[in-house]
Each structure stands twice: as structure tokens, then as C-alpha cells.
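For ligands, and for the atoms within them, numbers begin at 1 and follow the listed sequence.
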Amino acid sequence: MSARDRDWDGVRLHVVTGKGGTGKTTLAASLALALASGGKKVLLVEVEGRQGIAQLFRCPALPYEERRVATAVGGGDVHALAVDAEAALLDYLEMFYGMRRAGQALTRFGVVDFATTIAPGMRDVLLTGKATEAVRRRARTRKDRGARRDTAKAPFVYDAVVLDAPPTGRIAQFLNVNAEVAGLARVGPIRNHADRVMEVIRSPETRVHFVTILEEMPVQECLDGIAQVSEVGLGIGGIMVNMVRDPLLPPGALAAAAEQHVDTEALAQGLKSAGLKDAGQLAGALSGELVEHARRVRMEAEVRERLNEAARPCYELPLITGDLDLPGLHRLAGVLREQGAA
Ligand SMILES: Nc1ncnc2c1ncn2[C@@H]1O[C@H](COP(=O)(O)OP(=O)(O)OP(=O)(O)O)[C@@H](O)[C@H]1O
Ligand SMILES: [Mg+2]
């Protein structure tokens, strides 16, 4: 494999957002496969509690534990983790107060519910905290290092972490945990935890990628999201234009069709000589579809122009026909690699 530069060399936390339903989970998984290829180890994290990753990789629901879900081209591994706020809170209580057992009792009394729903900022810091902990995690424990007295840092457990994040409307707030917990904790372990999370999220090692399809609303959300994420001082990654379809006609014919200039007569003749019945009626229906197609292609070109205004690297991912299964994900991963995203 050539050692050409990838667009995100040096980035270790890839956050994937976009309008709902545009393909965040699918492309987060594809990006994880692309980053893993050639022998890397990548963790794919989901935080919405929907088991989207398990569905995508056709595996049983993920427990709150990292599991290998796929092998990339050239031998890398993708591991996955479904973080849930309650389990993360128990982890956190244990880590900072050594009170896992108390935490489990708290669950029964609904205190965890209280902490995670009444204080949504707390919920987000727990979710992002888990992802950033995986980014920082190194192979050896402190004890090992002490025993060997070597000062060199152990390698990271994961070469990269990909976060299947909340949709664009929530992303700036979700990532800006510092502001979120500001009203909650000014000092103490929650504050320190939030600061450590923010350190990773604000570092050049973190990039936020935006998924969109070529329609007005998702593109508008994408541009608004980019503005909001930049405003809170976080690094913008690339734009992944998903479900791209090739135009069915050459540019000249498309431009004419968009203006309703379709030679229905000639179309009917063609259909007739191909031996089709009701050629006249069929030609009428087909030309209607042609005009619709041409207008959609024109609209797509317009929204693409708007995306260019963001001046970010754009990747174009094809619409996969049929079931989007593992081979489909590998195909999308291949496209991301060809286009330099990983
Ligand atoms: N390139 C593609 N080609 C074909 N189908 C796709 C493609 N990308 C995504 N899909 C399909 O579109 C649907 C939505 O994708 P996905 O679940 O990844 O979106 P999402 O943004 O994560 O949605 P949500 O906001 O609900 O989490 C799924 O059925 C998925 O299989
Ligand atoms: Mg999803």
C-alpha cells in the first residue's frame, strides 16, 4: 500500500453527525472499516441506545462492553461499543468514588435516572467521556509501567475511535460538554472529568464529519451544523455526501429535459420500433419521469454548489441498491479510502 497522505492522518477521534436518516450510522461504520484496513484497530461507538451498529453488522445486541464486530480489508479490526448513560454513570461512580455497589443501589431508587434525565449535560459528559477515554487509553496499565520504570509511553489501544454521534441539531451542544456542565459543577471530580473530555474533543486529534444527502434540508442542516460546531471552537472534518446516484442522461439532454424539452414523438417511435405496445402512452409517461429526473439532477447540482461554500473536503458515497449488508459497508469503506478520507 502506498504511503500517500490521508486527509485525516493524525486524527484519532472521528465524530460523525448529520441530519437524521441521512446515513450517519452506516457511514460511521464504513469509516471505521476504512480506518482499520491494513491492520489497524478501530473502535466504533454509538451513544443513542438504538443498537444501530449491531443491526448493521448483523450481530446480537451489543452489551456495554467492547466487542469485535468486523475485520477490515488487509486485516484490521473494528470493535464496537454501545454506550449507555446509566452504565457509564456506574463506571464513573466506581472510578471516582469507588462506589459501584452504592451505584447499583442508586439505580433501584431511580437516582441514576434522575442524574441522567434531569441533568442532560451530565448525560452527555458521560457518553462523550466514554469515547474520549477510549481515545486516550494505552496498552499497559500504570502498574506495568511502574514495574518496568520506563518512561516511554505505551502505544494506544485503539488507532482511532469513530463516534456515531447525535444528529446535527444537537451536535454542538453534545460536544461542548464544558458549557453543559458549567451550571452543574464548578469544581470537583465532575468538573475535572469534563475538562479531560474537552481536552480531547478540542485537540487537533478530533474532527467532526458531516453526512448529508443532496437535498435542500439536509444540506442546510449540514451547513448550519458546521457553523455551530466551528463556533464552539471544534475542528471540522469532511462532508460525506451520501446516496449519490449517477445521472441517467448526458448533460445536454438533461438540461433540455429539465426545461420540459423532451421529444415525446421520437421517444414513441423508438419504443414502437423496439416492439413495445402502447408506445404513445408509454412515451408520455416516460417523458414525465425524464423531466422529474432532470430537475432532481439540477437541484442536486445547486445544493452541491452550496456545500462547496463550506470549503471542506467532500466525499461522494454511492447509493447501494438492495440490502446494505457487510459487503455494502466494505464497498463504502473502499470508496472512502479511494477518495482519501482514510
Ligand atoms: N449509501 C447508501 N446506500 C443505500 N442505502 C443507504 C446508504 N446509506 C444509508 N443507507 C440506508 O439508509 C437508512 C438510514 O441509514 P442510517 O441508519 O445509517 O442513518 P442515520 O443517519 O444513522 O439514521 P438515524 O438518524 O435514524 O440514526 C438505512 O436503511 C441505511 O441502510
Ligand atoms: Mg443512526
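For atom 9 (C) of ligand 1, a protein heavy-atom neighbour is found at a distance under 4.0 Å. Distances from atom 4 (C) of ligand 1 to the protein include at least one heavy-atom value under 4.0 Å. Taking a distance limit of 4.0 Å, we find that atom 29 (O) of ligand 1 is approached by no protein heavy atom.
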Going through the distances and angles, do Gln220 and Asp224 end up as a side-chain hydrogen bond (donor to acceptor under 3.5 Å, both in side chains)?
-> CA-CA 6 Å; Gln220 187 58 49; Asp224 292 346; 2.9 Å; yes
Residue pair Val335, Tyr315: steps toward the side chain to side chain contact (heavy atoms under 4.5 Å, CB included) verdict = CA-CA 8 Å; Val335 172; Tyr315 311 103; over 6 Å; no
Given side chain to side chain contact (heavy atoms under 4.5 Å, CB included), test Val297 with His293 step by step and report yes or no.
-> CA-CA 6 Å; Val297 174; His293 171 73; 3.7 Å; yes
Are Arg170 and Asp124 close enough, and set up right, to give a salt bridge (Lys or Arg N to Asp or Glu O under 4.0 Å), and what steps lead you there?
-> CA-CA 11 Å; Arg170 263 184 21 84; Asp124 288 350; 3.7 Å; yes
Walk me through it: do Leu249 and Leu290 pass the test side chain to side chain contact (heavy atoms under 4.5 Å, CB included)?
-> CA-CA 9 Å; Leu249 291 174; Leu290 210 58; 3.6 Å; yes
Residues Lys130, Glu133; criterion salt bridge (Lys or Arg N to Asp or Glu O under 4.0 Å); working and verdict = CA-CA 5 Å; Lys130 196 64 201 171; Glu133 179 273 318; 3.7 Å; yes
Test log, rule side chain to side chain contact (heavy atoms under 4.5 Å, CB included), inputs Cys222 and Ile239 = CA-CA 8 Å; Cys222 168; Ile239 299 176; 4.2 Å; yes
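Remark: Glu309 CD is packed, more than 12 non-hydrogen atoms of other residues, nucleotides or ligands lying under 6.0 Å away. Open room surrounds CD on Gln269; 12 or fewer heavy atoms of other groups in view lie less than 6.0 Å from it. Residue-environment remark: CD (Glu316) exceeds the threshold of 12 foreign heavy atoms within 6.0 Å.
Closest protein heavy atom to atom 26 (O) of ligand 1: Arg50 NH2, 2.7 Å. For atom 6 (C) of ligand 1, the closest heavy atom belonging to the protein is Leu324 CD1, 3.3 Å. Looking at atom 18 (O) of ligand 1, its nearest protein heavy atom turns out to be Thr26 OG1, 2.5 Å. Nearest protein neighbour of atom 11 (C) of ligand 1, counting heavy atoms only, is Met243 CE, 4.2 Å. Of the protein's non-hydrogen atoms, the one nearest atom 20 (P) of ligand 1 is Lys24 N, 3.4 Å.
In Asp164, neither the side chain nor the backbone holds a heavy atom less than 4.0 Å from any atom of ligand 1. By the criterion of a heavy-atom distance under 4.0 Å, both the backbone and the side chain of Thr25 are placed next to ligand 1. Residue-level proximity to ligand 1 for Pro167 is absent, since no heavy atom of it falls below 4.0 angstrom.
Ligand 1 has no N or O atom lying under 3.5 Å from any N or O atom of Leu332, backbone or side chain. Below 3.5 Å of separation, one finds an N or O of Gly21 facing an N or O of ligand 1.
Of the charged side-chain nitrogens involved, none lies within less than 4.0 Å of a carboxylate oxygen, so that Arg196 and Glu199 do not count as a salt-bridged pair. In this structure, Glu300 does not pair ionically with Arg298, as no charged nitrogen and carboxylate oxygen lie closer than 4.0 Å. Glu302 has no carboxylate O lying under 4.0 Å from a charged side-chain N of Arg306, or vice versa, which leaves the two without a salt bridge.
Every heavy atom of Gly328 sits 4.0 Å or more from the atoms of ligand 1. Every heavy atom of Leu317 sits 4.0 Å or more from the atoms of ligand 1.
The only option from Lys40, Arg67, Arg68 that meets the salt bridge (Lys or Arg N to Asp or Glu O under 4.0 Å) definition with Asp77 turns out to be Arg68. Checked against Tyr158 for a side-chain hydrogen bond (donor to acceptor under 3.5 Å, both in side chains), the options Glu66, Arg12, Arg136 give a single hit: Glu66.
Counting atoms of ligand 1 from 1 in the listed order, those under 4.0 Å from a heavy atom of Leu319 are 3 (N), 4 (C). Near Thr22, the atoms of ligand 1 lying under 4.0 angstrom from a non-hydrogen atom of the residue are 21 (O). Numbered from 1 in the order shown, with element, the atoms of ligand 1 that lie under 4.0 Å from a heavy atom of Gly20 read 25 (O).
Taking 2.8 Å as the limit, the number of protein N, O or S atoms around the Mg ion (ligand 2) is 1.
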